[in-house]
Amino acid sequence: MSEGRDITEGQVRAITFGGWWGTWQGAGWRDVFDIGEASGDPDQETFAAMVAGGLAGLALGSIVSHRDISPGTATAANLGALWGTWFGLASGVLLDFKGDRLLTSTLIGGNLGLIYTATQ
């Protein structure tokens with residue numbers, strides 16, 4: 001994966017964050033869009049979505065890691081995503097969202113937090 005290049009701590013954080021963030025996003029969006037509900041085995045579909053999301057996140061994290069990323073920037077992006085998730089959830093609760101609407105606001109909030117802090 002490193003292609004013989006030195007990888008900084010910030011770049012490693014980007015790759016590992018991509019993996020777990022993609023896993024969470026895969027599970028969440030599968031639930032929102034009811035992907036695989038007709039298959040009769042939603043647990044298997046959730047697991048498959050988590051694996052696919054995790055792999056996509058690792059791939060994106062690996063692509064992003066070709067840039068110079070400081071450990072502080074990587075940590076800020078990670079925490080921005082977590083705080084964005086919290087604020088998305090809290091906003092959804094305050095707006096009395098339920099079910100898929102609440103999960104959607106949570107997922108979108110996290111992605112907005114990630115994008116905002118990663119681009120600062």
Side-chain angles (χ1 to χ4, degrees):
M1 183 181 246
S2 71
E3 300 169 352
R5 65 183 171 103
D6 291 331
I7 298 179
T8 67
E9 182 179 348
Q11 292 167 322
V12 169
R13 287 183 187 179
I15 295 168
T16 57
F17 172 79
W20 74 260
W21 190 253
T23 300
W24 150 242
Q25 291 289 309
W29 291 113
R30 191 229 56 88
D31 192 52
V32 167
F33 292 116
D34 299 323
I35 298 169
E37 290 292 318
S39 74
D41 193 353
D43 291 339
Q44 182 177 352
E45 297 299 332
T46 298
F47 183 75
M50 292 171 71
V51 170
L55 290 173
L58 283 171
L60 185 57
S62 295
I63 291 167
V64 169
S65 78
H66 286 279
R67 297 180 47 196
D68 185 31
I69 303 169
S70 73
T73 298
T75 299
N78 185 323
L79 293 174
L82 294 175
W83 277 103
T85 299
W86 162 246
F87 284 116
L89 174 64
S91 296
V93 168
L94 291 173
L95 293 168
D96 201 29
F97 290 170
K98 304 281 189 241
D100 287 346
R101 290 184 72 197
L102 182 58
L103 181 54
T104 299
S105 72
T106 304
L107 291 163
I108 290 173
N111 287 329
L112 291 175
L114 169 60
I115 290 166
Y116 178 76
T117 53
T119 58
Q120 296 304 303

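Here the shortest heavy-atom pairing between S62 and S65 reads O-OG, 2.7 Å. Residue R30 comes nearest to T46 through the heavy atom pair NE-OG1, 2.9 Å, listed as atom of the first residue, atom of the second, then distance. Across all their heavy atoms, H66 and Q11 have their closest contact at C-NE2, 4.3 Å. When every heavy atom of A74 is checked against every heavy atom of G10, the shortest pair comes out as CB-O, 3.6 Å. Taking both residues in full, the closest heavy atoms of A27 and M50 are given as CB-CG, 3.5 Å, listed atom of the first, atom of the second, then distance. Taking every heavy atom of both residues into account, A14 and I69 meet most closely at CB-CD1, 3.8 Å.
Note on W86 and F97: same hydrophobic cluster, where clusters join Ile, Leu, Val, Met, Phe, Trp and Tyr whose side-chain heavy atoms are under 4.5 Å apart, directly or indirectly. Both L95 and F87 are members of a single hydrophobic cluster when ILVMFWY side chains are connected at heavy-atom separations under 4.5 Å. Under the 4.5 Å side-chain heavy-atom criterion for grouping Ile, Leu, Val, Met, Phe, Trp and Tyr, W24 is not connected to L55 through any hydrophobic cluster. Put simply, W20 and V12 are part of two different groups of oily side chains (I, L, V, M, F, W, Y) that touch within less than 4.5 Å, one to the next. Transitive grouping of hydrophobic side chains (ILVMFWY, heavy atoms separated by less than 4.5 Å) keeps L60 and V51 in distinct clusters.
Here T23 contributes atom OG1 and F47 contributes atom CZ; the two are 9.5 Å apart, rounded to the nearest 0.5 Å. Note that CG of D34 and CD of E45 are 11.5 Å apart. Values are rounded to the nearest 0.5 Å. Of the inter-residue distances, the one linking T73 atom OG1 with D68 atom CG reads 8.5 Å to the nearest 0.5 angstrom.
Evaluation of the ring-ring contact (aromatic ring centres under 6.0 Å, His included) rule for F33 yields W29 as partners, not counting sequence neighbours. With sequence neighbours excluded, the residues forming a side chain to side chain donor-acceptor pair (under 3.5 Å) with T75 are R13, listed by chain and number.
A heavy-atom distance below 4.5 Å is not found between the side chains of L79 and T117.
Summarising the local packing, OH of Y116 is surrounded by 12 or fewer heavy atoms from other residues, nucleotides or ligands at distances under 6.0 Å.
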Distance-only donor-acceptor hits, side chain of residues 102-114, under 3.5 Å, sequence neighbours excluded:
{"residue": "T104", "atom": "OG1", "partner": "D100", "partner atom": "O", "Å": "2.7"}
{"residue": "S105", "atom": "OG", "partner": "G88", "partner atom": "O", "Å": "3.0"}
{"residue": "S105", "atom": "OG", "partner": "L102", "partner atom": "O", "Å": "2.9"}
{"residue": "T106", "atom": "OG1", "partner": "L102", "partner atom": "O", "Å": "2.8"}
{"residue": "N111", "atom": "OD1", "partner": "W21", "partner atom": "NE1", "Å": "3.0"}
{"residue": "N111", "atom": "ND2", "partner": "Q25", "partner atom": "OE1", "Å": "3.0"}
{"residue": "N111", "atom": "ND2", "partner": "L107", "partner atom": "O", "Å": "3.3"}

